[in-house]
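Residue numbers start from 1 in every chain, and the chains themselves are labelled A, B, ... in the order their sequence lines are given, proteins ahead of strands.
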Amino acid sequence: MAERISFHEQIARNKRKSFFLVFIVILVIIALAYVIGKIYGDPFVFLIFGTIIAIIYSLIGYYGSSKLAVASVNAKPADRHEHRQYYHIVEGLCLASGMPMPKLYIMENKQINAFASGRNPESSVICVTTGALEKLDKHELEGVLSHELSHIANYDIRFMTLTAILVGMVAIISEIFLRSLWYSGGGNDNKGKSGVIFLLIGILLAILAPIFVQLVQLAISRKREYAADASAVKFTRTPTGLIGALKKIKHEHIDVKTSKHQISKAIAPLFISNPFKNEDVTSTHPSLSKRIEILEKM
Amino acid sequence: MLWSIVGGVAVLLVIVLISYFNRFAILENRIENSASQIDVQLKKRADLVPNLMESVKGYMKHEKTIITEVTNARKALVAAGNLNAKVKADEKLEKALKSIFALAENYPNLKANENFLQLQQELSAIEDKVAYARQYYNDSVLDYANLFRTFPGNMFARIYGKKQKEYLKITEAERAVPKVSF
């Protein structure tokens, strides 16, 4: 254990980061709106319009985050009688961590995976795939759910869900703008030099903003996976369950293409293991081997 | 100038006093809450035992000793007053229940009984939950002890007349694997 992050520190950091993230993304959106407005005519109409949309979108993202995440993977509430073990494990872990009980969901997917979402522990949800319920034994499932509960306890969920939603928005705006350029043709030539400059700035912003925001998101989300693994062990008092689960995930061969349709790229960082299974800079998760290695040392 | 410094220090002191008072209060609440969580699980277990005995009775006619052991352990648990006594009584009950479930392996008809299986599942889930609730109780006591023993918490603890809290200990009986004689 080289560097140990205290939980309170991490929670405070996550809350602070969430706030700054929203702030920065709103600024980016306003800047985009202004530049796009400059190109297409009245910048102030766009500015006011853009600001209002950005704020409303952020509020919806903040208060509806867990519902959006659950809806986007088409998950259904878990039935208490049908999935008794699932409920028992989470109830036990909540007792172990002193946390309120999250709402439990199940998504139809053969991959072993799970995610947590919400703006705070009181409004949190946990969702597991049907694959996880079928392939993991009780002990391993407990490890996975403990990992998800740690994300909730550390307020990772607020930050990660907000990033997912806001990054998604920047991407959408940029995409719409860039596409609109193809169709608008050379209609704005009469605006002269300043028009061209703003057009260039607009294109540059539209291309760079999503990449920049996403890189920040990726770097941060990889680090917190390790932290969540560590606190998962704190709840269950043994790493063996989580190690077993990660090993099973590592060795399962699922056609990634089929699951790609179901899981939007934006919410990938929420999952316990990367649903797209790529292990490089663009990955939202550290490599499974590395995580197993660290857990085995505990 | 001097007065403003004195005033500033006084305000700071009051803030620190209040913040430590609250920190102790929060941790005490957490310990109390986790104690009541243990209590809830113990009560659930005690409530389920009569149902279990009912479903078992017909099959295990010749296991009188173990059945009375469970019944007595449950009675002791219900009668126990404080948390420590309850936890001790519960450990006995848990041990007796383990023997029942081990013995149930000898009765294929009982093992096929839907009601029995459901109760067995329910009770084993409660066993996990009791363990987790106890773990959280001890975690809370640890946090309290950390504040209580380290500086400057130890000073404030004396000012507010706070007492050290007790951990829940695992008794030897629980640590030993239950023996079942056939």
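- The heavy-atom pair separating B/Y132 from A/F235 by the smallest distance is CE2-O, 3.5 Å.
- Counting heavy atoms of neighbouring residues, nucleotides and ligands inside a 6.0 Å radius, atom CD of B/E114 does not exceed 12 of them.
- When side chains are defined from C-beta on, A/Q85 does not count as touching B/Q121, because their heavy atoms never get closer than 4.5 Å.
- Other residues, nucleotides and ligands place more than 12 heavy atoms under 6.0 Å from the NZ atom of B/K162.
- By the neighbour-count criterion of 12 heavy atoms within 6.0 Å, atom CZ of B/F21 is sparsely surrounded, having that number or fewer from other residues, nucleotides or ligands.
- Heavy-atom minimum distance, B/Q135 versus A/A96: NE2-CB, 4.1 Å.
- In the displayed structure, B/R149 atom CZ is contacted under 6.0 Å by at most 12 heavy atoms of other residues, nucleotides or ligands.
- Counted within 6.0 Å of NZ on A/K248, heavy atoms from surrounding residues, nucleotides or ligands total more than 12; the atom is thus considered enclosed.
- The number of heavy atoms from other shown groups lying within 6.0 Å of CD (A/E122) is above 12.
- Residue A/I89: no heavy atom, backbone or side chain, is found under 4.5 Å from chain B.
- Contact annotation for A/S97: only backbone heavy atoms (N, CA, C, O) come within less than 4.5 Å of a heavy atom of chain B.
- If you run side-chain contact (heavy atoms from CB on, under 4.5 Å) between B/D128 and each of A/H88, A/K138, A/E91, only A/K138 comes through.
- Using a 4.5 Å cut-off between heavy atoms, B/D139 touches chain A through its side chain atoms alone.
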